[in-house]
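To start, the structure under review is shown below, and the notes come after it.
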There are 2 protein chains.
Amino acid sequence: MLFASAKVLRIAERDLVEREGFPIAWLDVLAQLYDAPDNGLRMQELEERSLFTRSGLTRLVDRIEAAGLVRREPVPGDRRGVRVVLTPEGRRRHDHAFVEHMRVIEREFGGRLTPAEQQAVADALSSFWHGDLESPATSG
Amino acid sequence: MLFASAKVLRIAERDLVEREGFPIAWLDVLAQLYDAPDNGLRMQELEERSLFTRSGLTRLVDRIEAAGLVRREPVPGDRRGVRVVLTPEGRRRHDHAFVEHMRVIEREFGGRLTPAEQQAVADALSSFWHGDLESPATSG
DNA sequence: TGTCAATAGATGACATAGCAGTGAGTGTTG
DNA sequence: CAACACTCACTGCTATGTCATCTATTGACA
């Protein structure tokens, strides 16, 4: 599983960088924001939905912001907080990149896995992921 | 799939670092050498069997060597080449770490996926991996 | 043998992730 | 209101991986 995802990830990464000029991590953030209400999330929420730690996110968002794809704005009622919002440009880039990205993923998996296999993997791992994320199977 | 493997990887990584004092990347190298004839491989072979680039491997092996778990030795008949060999200490650490590592992986997957699901994922992704690694499904 | 392309591995410069610690802001308690 | 614990996000330091490039060696060929 590790090897398979590492391989596809690497291919998708290269493709994305060549076509769009930004890495998968950006698309991940962009997509999270895209799916969020008003296209915005707090750093904390972004952290929960992504694979990064918060300090990693701070800098990731720095870079995406510098590229003009997202914008930081204050959170009304909590001056500690920061809300990260998709800019129109960010939205455009997301849309464009996402289509191509999905195409690459499909090509990689579609060309190598039967539909039944794809379904089996998706079912098993999606329930794995959504199952009990925050309460590991460990007993201690 | 990405999320699932990232999650398990992160848990396994922490566990390994706490117990053994080295990260998964090391165990990966150690295990490759362990499985190799005479417990040794050339850098190039290690590269093929791992998820690293060669330059990444150079430094990874540097660190593992500094810790005394592997040793570089010349390749008879090709003075460009380097053969990386497991030391007795490396072998011991591998054995110990590997057992615990497998236990963690089993716990994480065993506790969340049914045996049938595990089998389905394993079958699909192992054929994916072994299928046609070097000739992507792309047409260009 | 001399030249030249290819190969093996190492190195320099750089990008990015994590941990631990910082500082501002919040809300609870008296 | 003062004191305190907690939360949010950011920053310094450090670890590690990649790309492009470098050196040494090899092998092909005139």
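Below, chain A is the first sequence line, B the second, and so on; all start at residue 1.
In this structure, of C:dT26, D:dT18, C:dA10, it is C:dA10 that holds the atom nearest to the side chain of B:Met43. Closest to the side chain of B:Asp78, out of C:dG9, C:dA17, D:dT25, is D:dT25. In this structure, of D:dT26, D:dC8, D:dC19, it is D:dC19 that holds the atom nearest to the side chain of B:Thr53. Across C:dG18, D:dG17, C:dA10, the shortest atom-to-atom separation from the side chain of A:Phe52 is found for C:dG18. Each of D:dG17, D:dT26, C:dA24 was ranked by its minimum atom distance to the side chain of B:Arg80; first place goes to D:dT26. Checking D:dT18, C:dA17, D:dA9 against every side-chain atom of A:Arg42, the shortest atom distance belongs to D:dA9. Taking the side chain of A:Gln44 as heavy atoms from C-beta on, and the options D:dG17, C:dT11, D:dA9, the nearest nucleotide is D:dA9.
Taking atom CD on B:Glu73 and atom P on C:dG9, their separation rounds to 13 Å, with Å as the unit. Following rounding to the nearest Å, A:Glu48 (CD) and D:dT7 (C1') show an atom-to-atom distance of 13 Å. Going from atom CD of B:Glu45 over to atom P of C:dG9 covers 8 Å, rounded to whole Å. The distance from atom CD1 of A:Ile24 to atom C1' of C:dA17 is 16 Å, rounded to the nearest whole Å. Atom CG in A:Leu57 sits about 15 Å away from atom C1' in D:dT11, given to the nearest Å. Distance, A:Leu60 CG to D:dC10 P: 12 Å, rounded to whole Å. Remark: P of D:dG17 and CG of B:Asp28 are 11 Å apart, rounded to the nearest angstrom. As a whole-Å value, the separation of B:Glu13 CD from C:dC19 C1' is 13 Å.
One N or O donor and one acceptor, one from the side chain of B:Arg59 and one from the base of C:dG12, sit under 3.5 Å apart. A donor N or O paired with an acceptor N or O is not found under 3.5 Å between the base of D:dC10 and the side-chain atoms of A:Ser55.
Other residues, nucleotides and ligands contribute at most 12 non-hydrogen atoms within 6.0 Å of the CG atom of A:Asp38. By the 6.0 Å contact criterion, CD on B:Glu73 is enclosed, its count of non-hydrogen atoms from other residues, nucleotides or ligands being greater than 12. More than 12 heavy atoms of other residues, nucleotides or ligands shown are found within 6.0 angstrom of CZ on B:Phe3. When the shell of 6.0 Å around CZ of A:Arg14 is examined, it contains 12 or fewer heavy atoms from other residues, nucleotides or ligands.
Between B:Arg79 and D:dT23, a side-chain N or O to OP1/OP2 separation shorter than 4.0 Å is absent. At D:dC10, one or more side-chain N or O atoms of A:Arg72 fall inside 4.0 Å of OP1 or OP2 (strictly under the cut-off). Look at A:Arg54 and you'll find a side-chain N or O under 4.0 angstrom from OP1 or OP2 of D:dA9.
When each of A:Arg10 and A:Val75 is assigned the nucleotide of DNA chain D bearing its nearest heavy atom, the one mapping closer to the 5' terminus is A:Val75. Residue-to-nucleotide proximity on DNA chain D shows that, of A:Arg14 and A:Asp62, the 5′-proximal contact is made by A:Asp62.
The two atoms that bring B:Val17 and B:Pro23 nearest to each other are CG2-CA, 4.0 Å, heavy atoms only.
Residue contacts shown for B:Gly56 include a base, since a base heavy atom lies under 4.0 Å away.
Look at B:Asp78 and B:Arg83 and you find no salt bridge, because none of the NZ, NE, NH1 or NH2 atoms lies under 4.0 Å from a carboxylate O.
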